[in-house]
Every structure is written in C-alpha cells, then in structure tokens.
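Notes follow the structure.
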Protein chains: 2
Amino acid sequence: MPNQARPSTGEQARQHALARLRQAILHGEMAPAQRLVENELAEQFGVTRASVRAALIELESEGLVERIRNRGSRVRVVTVEEAVAITECRMVLEGLCAGKAAVEASDEQLDQLAALGEAMSKAVADGEPVTYSDLNHELHAHIRQFSGQQVAVGLLERLNGQLVRHRFQLALRPGRPQKSLSEHLAMIDTIRARDPQAAEAAVRAHLAGVIDALRE
Amino acid sequence: MPNQARPSTGEQARQHALARLRQAILHGEMAPAQRLVENELAEQFGVTRASVRAALIELESEGLVERIRNRGSRVRVVTVEEAVAITECRMVLEGLCAGKAAVEASDEQLDQLAALGEAMSKAVADGEPVTYSDLNHELHAHIRQFSGQQVAVGLLERLNGQLVRHRFQLALRPGRPQKSLSEHLAMIDTIRARDPQAAEAAVRAHLAGVIDALRE
DNA sequence: TCGAACAACATTGTCAACAATTTCGTTCGA
DNA sequence: TCGAACGAAATTGTTGACAATGTTGTTCGA
C-alpha cells in the first residue's frame with residue numbers, strides 16, 4: 001500500500017488519521033477482520049501513535065472497528081444476521097425520514113427525486129448495476145436530507161457505514177436491480193404525492209425486500 | 001465534589017475515567033454546558049489526562065459531550081427541538097422492538113410486563129411520580145431487551161442517554177402520569193396479545209404523546 | 001473614554017519513552 | 001510424542017513533557 005500520508009504536517013494529525021482510516025475501511029482497502037496495529041498505521045499515515053489511537057477509539061464507537069483490551073483493533077466483520085438487524089433499523093428510521101420528507105421537502109427537491117428516478121430507470125434499462133447502485137445510494141441520502149431530521153440522519157449514516165461490504169454483494173446479484181427499481185419508484189411517487197403514510201409504507205416495503213434479499 | 005477516585009490504580013484507567021464521567025453526566029452532577037477541563041477531570045478521577053481525553057472522545061460520539069478543536073469540552077445541552085427529534089427516532093425504533101418482542105418474548109417475560117403494569121398502576125394511584133418514572137424507564141428497557149434486536153437496543157440506549165435532563169421535567173408534570181399510564185397499559189396488553197402490529201402502533205402512539213408533552 | 005494591538009495565561013493537541021499485558025515459540029519432563 | 005512451564009517478542013496502555021492554539025486582561029494611542 002502506498003504511503004499516501006502528508007509530509008507530516010503536525011497540524012490536526014488526529015483528524016487526518018481519522019479521515020484516512022475511515023476512508024480506507026469504507027473503500028474496502030482493509031480486508032475484513034484485518035488487524036490494525038497502531039504502530040503500522042501511525043507510520044503509514046505519518047502521524048503519531050496517539051493520534052491513531054484517538055481515531056481508533058472514535059471508529060470503534062462508529063461500529064467500524066472492534067477493539068479488545070490489550071489485544072488490539074480489527075476491522076469489524078458484520079455477519080448476515082447483524083446486517084439484517086441493521087437493515088431493520090434502517091427500515092423504520094428511513095420510513096420516518098420519508099414521511100417527514102413528504103411534508104417538508106420543497107418542490108425543487110421533489111423534482112430532484114423525479115430526475116433520480118428517471119436516471120435509475122435508465123441505468124437498469126442499460127444494464128449498468130454499478131451506476132444503479134450509486135444512484136440508489138444517492139436517492140436514499142437525498143430522502144434523508146430532505147426530511148430535515150438531523151438525529152435520524154446521523155444514526156442512518158452510522159448504520160450505513162457498517163454495511164459497505166454487504167451492499168456490494170447485493171447490487172451485483174442478477175435480477176436484483178429490476179425488483180428494487182419498482183420499489184424505489186414507488187418511494188419517489190408517494191413522496192412526490194406528499195403522502196407521508198404511503199411514503200413511510202413504501203420505504204418499509206422496499207427495505208423489507210432488501211432484508212429478504214440479504215437472507216438469500 | 002468529593003474526590004471519589006480510586007488510589008490511582010494504574011490499571012484500566014481509561015475505562016475507569018469513562019465510567020465515572022458518564023455516570024457524573026447522566027446523574028446530573030455536571031451542570032448543563034459546564035466546561036470539562038481535561039486537567040481538572042484527570043486530577044478528580046485520579047487518572048492521567050490521556051485517559052480523560054480518550055473518555056471524552058468516546059462520550060462525544062455518544063452525544064453526551066461536545067468538543068471543539070482547541071477550545072475544550074462541554075456537557076452537551078439538548079434543546080427541546082432536539083429532544084423532539086430524538087423522541088421521534090425512539091418512536092420508530094421502540095416500535096420496531098415492541099413488534100419483535102410481541103413475537104419473540106417468552107411467556108415468563110410477558111408475565112414480567114404484566115407485573116410491571118400493575119406496579120405502575122399502583123404508583124399512579126398512590127401519587128408517587130418518581131417511582132412511576134423509574135418503572136416507566138424499566139418497562140421500556142424490558143421491551144427493548146425482549147425484542148432481541150441488539151442493534152436497536154444500542155441505538156436506543158444512546159438516544160436515551162441524551163434525554164436524561166428532559167425526562168426529569170416531564171415526569172413531575174401534573175396530570176402527566178395519568179395520561180401516560182393508559183398508553184403504557186395498552187403497550188403491555190398488545191404485546192401480551194402477541195400482536196406485533198398493534199404493539200408497534202401502541203408504542204408509537206405513546207411516544208407521539210410524549211412528543212406532544214415535550215412541546216408543552 | 002474608547003478601541004485595537006499586544007502579551008501573559010489557560011487549555012488542548014502532539015510527541016517520544018516507559019510499563020504492563022498478551023501471544024507465540026521453545027525447552028524440559030513424563 | 002505430547003503437554004506444560006518458561007521466556008522472548010510484539011503490542012497495547014500509560015505517563016510526563018513540549019508545542020500549538022485560543023482566550024483574556026492590559027497598555028498604548030487617538
């Protein structure tokens with residue numbers, strides 16, 4: 001792995017280490033269950049061990065890293081059962097957000113959702129699962145954002161961080177995009193119709209489908 | 001404040017500091033918005049500053065303290081708006097738990113809920129709001145626990161930690177226990193009837209009531 | 001008297017060294 | 001040959017000191 005660290009700035013070292021490490025885990029550069037030795041990371045990022053340590057503590061409470069006393073840190077592996085439990089929480093929280101978004105969103109924002117829906121339809125028609133997966137993620141992020149529910153947004157972003165690895169597997173499954181597309185379009189339609197209850201139901205139906213898919 | 005620190009164990013200092021500090025905040029020993037100076041806390045708890053620092057970083061991501069670069073830490077103050085937003089999240093997450101508890105709980109556990117319900121009725125009849133508040137808290141904790149949904153439990157415990165100060169105010173409001181009691185009994189009944197949808201609805205109705213009360 | 005530059009102070013951020021703990025390989029004995 | 005005790009290496013936990021940053025009180029000039 002290349003030493004991409006800055007020339008040892010000395011300024012805001014911890015934040016630098018935190019950002020780099022989080023990105024590395026989220027982008028899958030670190031293998032699951034890989035050991036995270038403080039000294040190695042410190043050298044790799046060009047900061048001191050104390051900064052790495054602080055970053056690891058923070059990542060632990062984000063659920064990305066697992067720390068055991070006197071034993072060290074590992075990239076946390078999320079089992080399928082945990083992924084299901086996490087998605088159940090996403091289900092109700094995103095349902096809350098969708099309901100609020102149906103009420104709170106501006107007309108311009110609703111147009112953005114419509115545009116996203118068309119882009120997703122096109123991606124599926126063109127058979128581009130990666131593009132579709134990106135748009136999918138973007139759609140959910142937009143709905144969260146439009147809800148204005150900052151607490152829920154915070155919780156959801158944390159939960160999503162723990163699912164990076166599972167999301168990949170799901171997107172590439174054959175036939176999956178077709179099924180999920182109609183669910184997504186239903187979410188968009190109900191929000192645009194400014195119907196909170198229907199929007200919540202649509203989001204929950206969609207994520208219930210994701211849970212089924214996770215279980216294979 | 002008495003120096004309740006151990007005679008400087010040297011072992012697991014950070015965990016000690018973390019526990020003491022969290023307890024102090026949760027028990028209201030620290031005034032809202034009080035400054036938390038690392039040196040003072042270190043001396044108070046009989047640990048080094050690094051341990052206090054680690055504890056503060058962890059408490060920050062729990063939402064109990066607020067940290068600003070080069071400016072220090074404060075006990076985080078939760079505005080009424082935030083308390084409402086937090087309770088909205090609690091509403092959907094506890095709804096999820098109640099639905100699962102209605103399916104997963106054992107018969108013995110359902111009996112525990114029934115017993116709690118009777119105790120709560122008695123506390124209201126006897127006009128003991130503090131006892132009632134404790135039982136209230138206990139009931140919610142039991143339902144969470146019986147759901148077996150560890151992820152939701154984790155999120156809820158964190159959210160509840162941020163509400164300590166608001167909970168007090170709510171419990172002592174005249175007339176509040178009477179209204180909330182019937183809602184709680186409905187929650188218990190629907191779970192004992194093993195009706196997930198009704199249980200979820202009952203919990204959400206109850207917490208919607210709490211939100212109304214929070215808004216005064 | 002009021003405002004701005006300045007300096008002293010308080011506090012956090014960073015660092016390198018030391019102590020404690022765990023892990024793993026080795027040796028000794030049955 | 002197998003198992004347990006032992007010891008060395010690796011790694012984390014802790015400590016005190018130093019550097020960077022923000023804050024506050026003071027002085028000088030208009």
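If you're wondering where the values come from, they're calculated on a predicted model, not measured in any experiment.
Between B:Arg69 and D:dG22, a side-chain N or O to OP1/OP2 separation shorter than 4.0 Å is absent. Put simply, A:Arg71 has a side-chain N or O that comes within less than 4.0 Å of OP1 or OP2 on C:dT23.
The side chain of B:Asn39 lies closest to C:dT12 when the candidates are C:dT12, C:dC15, D:dT14. For A:Arg67, whose side chain is taken as the heavy atoms from C-beta onward, the closest listed nucleotide among D:dG13, D:dT11, C:dT12 is D:dG13. Side-chain atoms of B:Ser51 lie closest to D:dT14 of the nucleotides C:dT14, C:dT12, D:dT14. Closest approach to the A:Glu38 side chain among C:dT11, D:dG13, C:dG13 is made by D:dG13 (side chain taken as heavy atoms from C-beta onward).
Of the charged side-chain nitrogens involved, at least one lies within less than 4.0 Å of a carboxylate oxygen, so that B:Arg90 and B:Glu94 count as a salt-bridged pair. Comment: B:Arg67 does not engage A:Glu58 in a salt bridge, judged by the lack of any side-chain N to carboxylate O separation of less than 4.0 angstrom.
Below 30°, between 30° and 60°, or above 60°: for B:His206 and B:His184 the angle between ring planes is between 30° and 60°, a tilted geometry.
If you check every strand for non-hydrogen atoms under 4.0 Å, B:Leu36 touches sugar and phosphate atoms only.
What separates CZ of B:Phe45 from C1' of D:dT15 is a distance of 19 Å, to the nearest Å. D:dT14 atom P lies 12 Å from atom NE2 of B:His16, rounded to whole Å. The separation between A:Glu66 atom CD and D:dT12 atom C1' is 16 Å, rounded to whole Å. One can place CG of B:Asn70 at 10 Å from P of C:dT12, the figure rounded to the nearest angstrom. Here D:dT11 presents its P atom at 13 Å from CD of A:Gln34, a figure rounded to the nearest Å. Distance CD (A:Gln15) to P (D:dT21): 13 Å, rounded to an integer number of Å. We find that CG of A:Leu56 is positioned 13 Å from C1' of D:dG13, with the value rounded to whole Å. Taking atom CD1 of B:Ile68 as the reference point, atom C1' of C:dG13 lies 15 Å away to the nearest angstrom.
The base of C:dG13 sits with one of its N or O atoms less than 3.5 Å from a complementary donor or acceptor on the side chain of B:Arg49.
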Which protein N or O atoms sit under 3.5 Å from an N or O of nucleotides 8-10 of chain C?
none

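At a threshold of 4.5 Å between non-hydrogen side-chain atoms, the residues B:Ser51 and B:Phe45 do not count as touching.
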In a table with atom names and distances, give each donor-acceptor pair under 3.5 Å that connects a side chain of residues 207-216 of chain A to protein atoms at least two apart or in another chain.
none

Q) Given A:Glu200 and B:Arg204, is the salt bridge (charged side-chain N to carboxylate O under 4.0 Å, His left out) satisfied, shown in steps? A) CA-CA 14 Å; A:Glu200 179 173 357; B:Arg204 291 179 67 145; 2.8 Å; yes

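By the 6.0 Å contact criterion, CD on B:Glu81 is open, its count of non-hydrogen atoms from other residues, nucleotides or ligands being 12 or less.
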